Asker: 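I have a structure here, written as structure tokens, and I will follow up with some questions on it.
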Protein chains: 2
Amino acid sequence: MSRAHGRRLGRAGIRDVAAAAGVSITTVSDALNGKGRLPDATRRHVREVADRLGYRPSAAARTLRTGKSGLIGLTVTTYGEEPFTFTEFAYFAEMARAASSAALARGYALVILPGSTRQSPYDVWSNVALDGTVVIDPSDRDPVVAELVRQGVPVVSDGRPCGDLPVTAWVDNDHEAAVTGLLDHLAAAGARRIGLLTGTSTDTYTRLSTEAYLRWCERAGQDPVYEAYPAHDPCAGAVAADRLLARPDRPDAVYGLFDPNGTDLLAAARRYGLRVPDDLLLVCCSESAVYAGTEPPITTLSLKPGRIGTTVVQLLIDAIEGTGGGDPVQRIMPTDLIVRTSSQRRRRRTTVSAPRSPEQRGQA
Amino acid sequence: MSRAHGRRLGRAGIRDVAAAAGVSITTVSDALNGKGRLPDATRRHVREVADRLGYRPSAAARTLRTGKSGLIGLTVTTYGEEPFTFTEFAYFAEMARAASSAALARGYALVILPGSTRQSPYDVWSNVALDGTVVIDPSDRDPVVAELVRQGVPVVSDGRPCGDLPVTAWVDNDHEAAVTGLLDHLAAAGARRIGLLTGTSTDTYTRLSTEAYLRWCERAGQDPVYEAYPAHDPCAGAVAADRLLARPDRPDAVYGLFDPNGTDLLAAARRYGLRVPDDLLLVCCSESAVYAGTEPPITTLSLKPGRIGTTVVQLLIDAIEGTGGGDPVQRIMPTDLIVRTSSQRRRRRTTVSAPRSPEQRGQA
DNA sequence: AACGTCGGAAGAGACGATTCTGCAAGCCGC
DNA sequence: GCGGCTTGCAGAATCGTCTCTTCCGACGTT
């Protein structure tokens, strides 16, 4: 015999099913995929035989034939050796969770991939067939993104791309509106001089937020008071918070751009004997639920990473499947200011903390 | 002409490279993969032509041919609609980060997949070619795991499998030693009656920890004092914490098995006017760095998810590549008790919080 | 001169599915 | 009765790569 039709490696192939069901390969394929013109009896029969044999179509063969893998890359910028950024842990976790969920619901799976292809012994990127890619905070001239676009792979970014990176679509928060609203909120709570804890890096989040702060100060006739530090260094944040509160022109309210800033600032305030919110109003940008439980609870700006993740994936899959239609290729998402004790001048119950509402705990 | 050799869909194939280089397909393949017997001149020439054409081998075709995809599944148990569990967010994030890192370093990528195949319109599992799978906390008779094992796909689990699930290997913490050591620590700090905040689910983590607690109580001659709640419900934790401290036989120390229990217990203690650590010693199991910044800082038990993730992936890849040799197929990992103010009876500086050491902030 | 060996390169299947094309039979109306 | 339509299914090409086998010429040996 030239070819043994029996299962060669323990797994049944479509040929085995066809033989067992007494039909052709074509019929099996059509029956299983709901295509072709087959009477229900044949369809049922084939399916039953396939089930009995434990048949699973080979994903590799299907991908090779159809050109679609059902795989979406999820890329994150890297600091040093590790693939995720440290400072936005909760943001990333929630964003990835939502993105994964949204992808799964449409039959796609997410593949975690490193942002910059370092001189790794393997090039993982070219070993994976991707239908599209999500990029978080793409850097100025990301070689990976450029290469993907060149190959015709759709790319959607979380965060508007710097420079002229030709992404298929992008999703971002309205950072200007968020910062402006937040500063207005602090001013309304009685703040006279609002400080900013910002970063030294040039990503759009940092840049847009800082610019919005500076513009707001100009409009409000306040001198800007800010400290910048390298956001990827968790210890530098504590130092910068301390420096900000040590200044001669000490602010009576502070907004921290990064997740750990809340605890950093709270600790610094304690060191200087400043009471929050009595002597110092505090807000930071964070997705972490713990700020509902600090003493006092800290007002946070949530970027709603869940919604971003979902939207990014929807946009990407629409682009992949060509169902995008005439939709705009960028989408601005609202943020959410979760007001807690730290930004309200009038004192509320301080010994007995208020019961947390679901709204403050929930992530969605 | 029967077949147009030109790029049909914008992407160059190996045939195009062969034609452009004036050699055969075999030679191109050998040159690019470092196989065969070719003089360096030919090798260089082929590589240069391939580069010039921007040739990328098709991952699908390679996978089909070689049977290896370079993809590793990462499965998490699901609660309701969402693919990750809520209570172990930080644990999962860190574990996934480390696992992804370890996989990438060896040329593999991680694919996020749902644990239980619900009646989703698509079966994502069979659309992905997986070389192996990591399963987190597999449930008793996980159908997905069973199916994978049946197909001969290596499966390594984080957390020892319940029942007789035939995984290839597993990695877990020494939960008994962790709980025993932690309770000893609390007793040494002066605790007379230690309470437990535990879960109602039957996973091995909850079960082993609770059993260790009960055994410790028996040895120490203390009546067990515990409350159990459904761990997947974030609000139930606060209620259970309250209940625990409201009991007539109120404990003077509490260990909470789940991540949010620290803030839950702290809030409950405040409601009852209990000072921590003076009236109540507190420890909870958590990977969250925020417990270094609470007032007071809370002692936590870290399960070292990073190490677990790395180990799980190493074991899995060893199994995939057959380099596992005679290694044992299960590995017990140590935990780490990070002692902070909340479990130390003698008071330390309370108004000025100690500067956080890198050890307490770092994740690795 | 015949022969074995070795370097260098090409040929020709697989791998396992999808899918385009085509054929045979049954049924309809005219 | 015959052309055309629909139904039910089979054949075979194809996706792009890897790799086993073969082939050819050159060289050194006996």
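Note that the structure is a prediction, hence the values are computed from the model and not measured.
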Asker: Whole-Å distance between D/dT17 C1' and B/L32 CG?
Answerer: 11 Å
Asker: Report the distance from atom CG of A/D16 to atom P of C/dG16, rounded to the nearest whole Å.
Answerer: 9 Å
Asker: Touch check for A/R62, heavy atoms < 4.0 angstrom, all strands: base, sugar-phosphate only, or nothing?
Answerer: sugar-phosphate
Asker: Atom CZ of B/R44 and atom P of C/dG8: how far apart are they, to the nearest Å?
Answerer: 13 Å
Asker: Do you know the tightest heavy-atom contact between B/S100 and A/I112?
Answerer: OG-CG2, 3.3 Å
Asker: Between P on D/dT21 and CG on B/D30, what's the gap in Å once rounded to a whole number?
Answerer: 15 Å
Asker: If each of A/A61 and A/S24 is mapped to the nucleotide of DNA chain D with the nearest heavy atom, which maps nearer the 5' terminus, i.e. the 5' end?
Answerer: A/S24
Asker: Look at all strands and tell whether A/T26 reaches a base, only sugar-phosphate, or nothing, counting heavy atoms closer than 4.0 Å.
Answerer: base
Asker: Mind calculating the distance between CD (A/Q151) and P (D/dG16) to the nearest angstrom?
Answerer: 13 Å
Asker: Is the shortest heavy-atom distance from the side chain of A/R331 to the side chain of A/V156 under 4.5 Å?
Answerer: no
Asker: Tell me yes or no: between the side chains of A/T27 and A/S24, is some donor less than 3.5 Å from an acceptor?
Answerer: yes
Asker: Taking atom C1' of C/dT19 as reference, at what distance in whole Å does atom CG of A/L38 sit?
Answerer: 13 Å
Asker: What nucleotide, of C/dG7, D/dC9, D/dC15, holds the atom closest to the side chain of B/R37?
Answerer: C/dG7
Asker: Tell me the interatomic distance from B/R56, atom CZ, to D/dT17, atom P, rounded to whole angstroms.
Answerer: 12 Å
Asker: Contact class for B/T42 (heavy atom, under 4.0 Å): base, sugar-phosphate, or nothing?
Answerer: sugar-phosphate
Asker: Can you tell me the distance, in whole Å, between the CZ atom of A/R43 and the P atom of D/dG8?
Answerer: 10 Å
Asker: Need one value for B/S29: base, sugar-phosphate or nothing, where a base atom within 4.0 Å counts as base even if backbone is also close, heavy atoms only.
Answerer: base
